[in-house]
Amino acid sequence: MKLVEYFRAQMMKDPDMASAVAAIRTLLEFLKRDKGETILGLRESLTWATDCLTGVDSSVAVSSGGELFLRFISLTSLEHQDLSRCKKVMEERGELFLEKISMSRTKVAKLCHTFIKDGAKILTHSYSRVVLRVMEKAAAEKKRFSVYVTESQPDSAGRQMAEALRKLNVPVTVVLDAAVGYVLEKVDLVIVGAEGVVESGGIINKIGTYQMALCSKAHNKPFYVVAESFKFVRLYPLNQQDVPDKFKYKADTLKTVQNLSEEHPMIDYTPPSLITLLFTDLGVLTPSAVSDELIKLYL
Amino acid sequence: MSAEPSVASSSTPATQHKKTTRGGTRHFTEGGPVKKDGIQQAKTEGKELTKEEKQRLRKEKKQQKKSKEKKDEKASQESEKEKKPVSSASPASQPPTQPITPKAPSAVPTLVPVPASETPAPADKPAKSKAEMKAERRARQEAERASKQGKKGEVGQQAAPGKPKAPPSELQPVVKRLPEHVQVDNPEVLKKLAKKLERQQIPLRSDYGYKVSLFSHLHQYSRKAPLTQQLSIPSTVIHPAIVRLGLQYSQGIVAGSNARSVALLHAFKQVIRDYTTPPNEELSRDLPNQFNFLNQCRPLSASMGNAIKYIKKEISNIPSQCKEEEAKSKLLNCIDRYIDEKINLAAKAIAKSSIEKISDGDVILVYGCSSLVNHILCEAFEKNRKFRVIVVDSRPRLEGREALRRLVQRGISCTYVLISAVSYILPEVSKVFLGAHALLANGYVMSRVGTSQIALVAKAFNVPVLVCCETYKFCERVQTDSFVSNELDDPDDLIVTRKGKTQLEHWQEVPSLGLLNLVYDVTPPDFVDLVITDLGMIPCTSVPVVLRVKNVDQ
């Protein structure tokens with residue numbers, strides 16, 4: 001499918017870009033090339049396209065990004081007579097949306113780096129590009145800090161993170177996932193990224209995050225989350241079981257495997273009571289303020 | 001407005017109250033004290049005061065007020081007459097007001113957190129400061145006048161009407177009035193209430209039995225003495241539908257916040273249908289009487305308060321040149337729409353959202369009888385979800401039996417326990433569904449007594465607690481504990497006869513014994529995981545956001 005190929009091409013072109021941003025770029029291209037006759041048809045085909053993309057990359061951010069894109073472009077008055085003019089308006093809004101979210105990582109980094117004090121020891125989990133950007137900014141501000149990264153099995157993404165940090169000349173140590181409790185007494189703060197931020201103010205992230213949050217609560221260390229605003233999603237899980245299966249496993253696994261109970265989930269849910277603050281491009285939020293922002297975004 | 005209705009309505013009081021109007025006019029010519037007798041007679045006969053008598057009462061009040069004001073003005077005018085020589089005195093009188101006025105507002109912020117029993121003290125402070133200040137000023141003025149006689153400045157006279165206005169406005173400290181129903185131990189407030197009810201011709205319900213000291217600021221009524229026994233027949237002030245409703249409330253025949261609100265709205269539809277507008281009067285003038293009567297029968301709930309606000313708003317929105325029939329049908333439509341949207345459709349929306357949260361194999365715990373939770377469970381069962389329910393019940397109301405009956409009728413498999421067994425049964429439970437009486441602005445959930453206990457134990461067992469509540473039950477009130485504002489039910493309900501013996505039969509004779517029958521309690525938002533409303537699923541801390549959004553909408 002041309003759509004999927006374009007998406008994969010976008011992902012490969014810029015590995016630093018979030019998969020959601022690539023998805024939105026794909027959707028914008030799709031919108032430009034669409035030959036639909038009615039606005040309703042346009043909306044339906046966009047929803048169908050988002051579903052396609054979720055089938056390729058089942059992360060939460062892709063589906064939330066797609067939905068927010070759709071809402072953003074249709075939030076304007078589409079009362080023009082001519083369909084092509086409506087489409088033009090929607091395309092302009094799409095470009096605007098894309099521009100805004102490309103800047104979002106920089107905004108987050110600007111907000112968060114002040115919380116990293118000189119001499120700080122940071123614990124982070126797996127490979128997150130937003131956390132990397134935050135640390136880049138902090139290093140650029142001439143702050144001296146050291147980082148502990150968990151290995152984050154099953155894909156060892158933590159080692160990738162360690163490599164990137166070494167390039168920034170930041171002293172980094174890779175620890176086992178099981179060593180989080182051991183290492184927590186040495187660290188001052190914990191920063192993680194998020195794949196999705198849910199309505200309750202909790203987050204969905206790589207498996208192992210919940211454990212880290214529980215331990216940092218027990219040690220009374222602040223637990224910070226950095227996430228862009230397009231990751232806000234209209235889910236409300238009550239516990240780990242309540243997270244829908246389509247987010248828990250990789251897209252290929254969902255398609256090929258028969259019995260999901262034998263597969264290991266890739267993500268877990270961290271409830272809002274364990275999170276101290278969330279850094280987003282909408283500002284620094286407490287978990288209870290997330291619902292407020294979501295209401296503003298979606299209603 | 002056509003001439004006929006006005007003629008008809010003026011003739012009806014004439015025909016009905018022939019005695020009193022004639023008597024009224026006679027008494028009017030005879031003078032003051034006899035005037036009052038005529039009104040008293042009308043009151044005791046239970047007949048509605050004629051328009052003239054009502055106007056007379058209002059005039060009397062206004063005159064009393066004016067005479068008081070005139071006294072103040074004269075005093076301040078005399079004192080302000082010598083402006084030039086007194087100008088030194090007035091800034092001198094300002095400083096005494098300054099230290100006193102800051103004191104009064106600072107006393108007020110402490111009003112709210114301080115328990116209700118201490119309110120008499122701050123309430124007296126502003127009165128004292130006013131009197132003190134006046135006395136001081138007068139003394140100073142006398143001294144000045146004695147020293148500088150015969151100097152009357154023209155400027156002083158002109159400034160006088162300006163000046164008396166400024167100090168009184170400075171004296172007005174912002175006093176937040178506590179509602180009457182939480183100040184029952186304050187005799188002043190009770191007197192004021194008695195006077196107000198007498199004016200509106202509503203009987204005052206007297207408290208019953210010894211009250212536990214922590215709750216002595218709340219009313220406690222007995223079910224054996226309903227308010228309707230003190231009403232005279234026929235009573236033309238309160239509509240019979242409202243009388244019936246009041247009786248149903250006080251005897252517990254209509255219970256449950258949704259049922260009470262719907263019954264209230266239906267009764268008001270009847271009142272509106274039967275209402276005939278007398279000339280120059282409006283429906284909204286008679287409404288407070290009806291509400292006060294219902295309040296005496298059983299304190300109004302938050303949802304009923306919101307419904308009443310809506311009715312009042314709709315009435316005030318009707319353009320004055322609208323014909324009576326048209327206005328009535330408009331109002332009736334508004335009320336029907338309110339019931340439809342806020343209660344029926346909301347229940348459907350909430351059921352739809354809740355079904356996503358009920359998965360196969362779930363064990364759901366419910367407490368008491370909430371119409372909304374029962375509706376949700378029945379809907380989920382229709383949609384072929386496989387789950388079983390544990391119904392928790394508590395004395396003295398034993399409402400859980402009603403919920404049990406409704407669920408079993410549908411074919412849902414249920415278990416029934418009393419609240420004392422909740423910690424025993426919780427390890428089996430996967431979710432807890434609770435109903436709410438009201439959701440407060442700080443995120444606290446006000447519900448049937450026992451709800452916070454269940455939420456607490458569920459939290460200890462890490463079981464998710466879901467509260468289902470329509471948005472019309474959200475209220476602007478803030479409460480952090482169950483003592484400040486609650487409802488005390490009939491203490492005799494706690495008496496139970498087992499094996500022919502009634503242990504507490506003579507509890508009133510034991511001086512140190514008090515029976516406490518609370519109706520509501522508040523649950524903090526930390527124990528609630530999710531609130532399902534017709535606007536969607538929100539965390540408990542987002543209630544003020546919804547209130548804000550709703551206010552913007554309106």
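Since we're looking at a predicted model, the values are computed, not measured.
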### Query
Below 4.5 Å, heavy atoms only, C-beta onward: do Asn239(A) and Asn462(B) meet side chain to side chain?
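With C-beta onward as the side chain, the pair stays apart.
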
### Task
Kindly indicate whether the side chain of Glu293(A), heavy atoms from C-beta on, has any atom under 4.5 Å from the side chain of Val545(B).
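With C-beta onward as the side chain, the pair stays apart.
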
#### Entry: Residues in residues 413-445 of chain B near chain A [non-hydrogen atoms, under 4.5 Å]
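Under the 4.5 Å heavy-atom cut-off, Lys431(B) qualify.
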
### Query
Considering the options Pro272(A), Pro287(A), Ser291(A), Ser288(A), which one meets the side chain to side chain contact (heavy atoms under 4.5 Å, CB included) requirement together with Pro539(B)?
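Testing Pro539(B) for a side chain to side chain contact (heavy atoms under 4.5 Å, CB included) against Pro272(A), Pro287(A), Ser291(A), Ser288(A) leaves exactly one candidate, Ser291(A).
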
### Best-contacting candidate, Thr541(B), Leu530(B), Leu466(B), Asp529(B), against chain A by heavy atom pairs under 4.5 angstrom
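The option with the most such pairs is Leu530(B).
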
### Query
What distance separates Glu356(B) CD from Tyr236(A) OH, expressed to the nearest 0.5 Å?
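It is 13.5 Å, given to the nearest 0.5 Å.
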
### Message
Distance check, rounded to the nearest 0.5 Å: Ile538(B) atom CD1 versus Leu294(A) atom CG?
### Response
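Reported value, rounded in 0.5 Å steps: 12.0 Å.
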
[X] atom [atom1]: more than 12 heavy-atom contacts under 6.0 Å:
X         : atom1 : result
Gln479(B) : CD    : yes
Tyr182(A) : OH    : no
Lys107(A) : NZ    : yes

### Message
Heavy-atom cut-off 4.5 Å, strictly under: side chain, backbone, both or neither for Pro237(A) against chain B?
### Response
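Just the backbone, heavy atoms under 4.5 Å.
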
Using distance only, find each side-chain donor-acceptor pair of residues 196-207 of chain A under 3.5 Å and give its atom names and separation, not counting sequence neighbours.
| unit_1 | atom_1 | unit_2 | atom_2 | d |
| --- | --- | --- | --- | --- |
| Ser200(A) | OG | Gly202(A) | N | 3.4 |
| Ser200(A) | OG | Tyr269(A) | OH | 3.1 |
| Asn205(A) | ND2 | Gly193(A) | O | 2.9 |
| Asn205(A) | ND2 | Thr209(A) | OG1 | 3.4 |
| Lys206(A) | NZ | Ser152(A) | OG | 2.7 |
| Lys206(A) | NZ | Asp155(A) | OD1 | 2.6 |
| Lys206(A) | NZ | Asp155(A) | OD2 | 3.4 |

### Query
Among pairs that include at least one residue of residues 433-454 of chain B, which meet salt bridge (Lys or Arg N to Asp or Glu O under 4.0 Å), considering only residues two or more places apart or in two chains?
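Sorted result for residues 433-454 of chain B: Glu399(B)-Arg448(B).
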
### Task
List for me each residue that meets side-chain contact (heavy atoms from CB on, under 4.5 Å) alongside Ser370(B), sequence neighbours excluded, and say none if there are none.
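With neighbours one apart ignored, the set is Leu372(B), Val373(B).
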
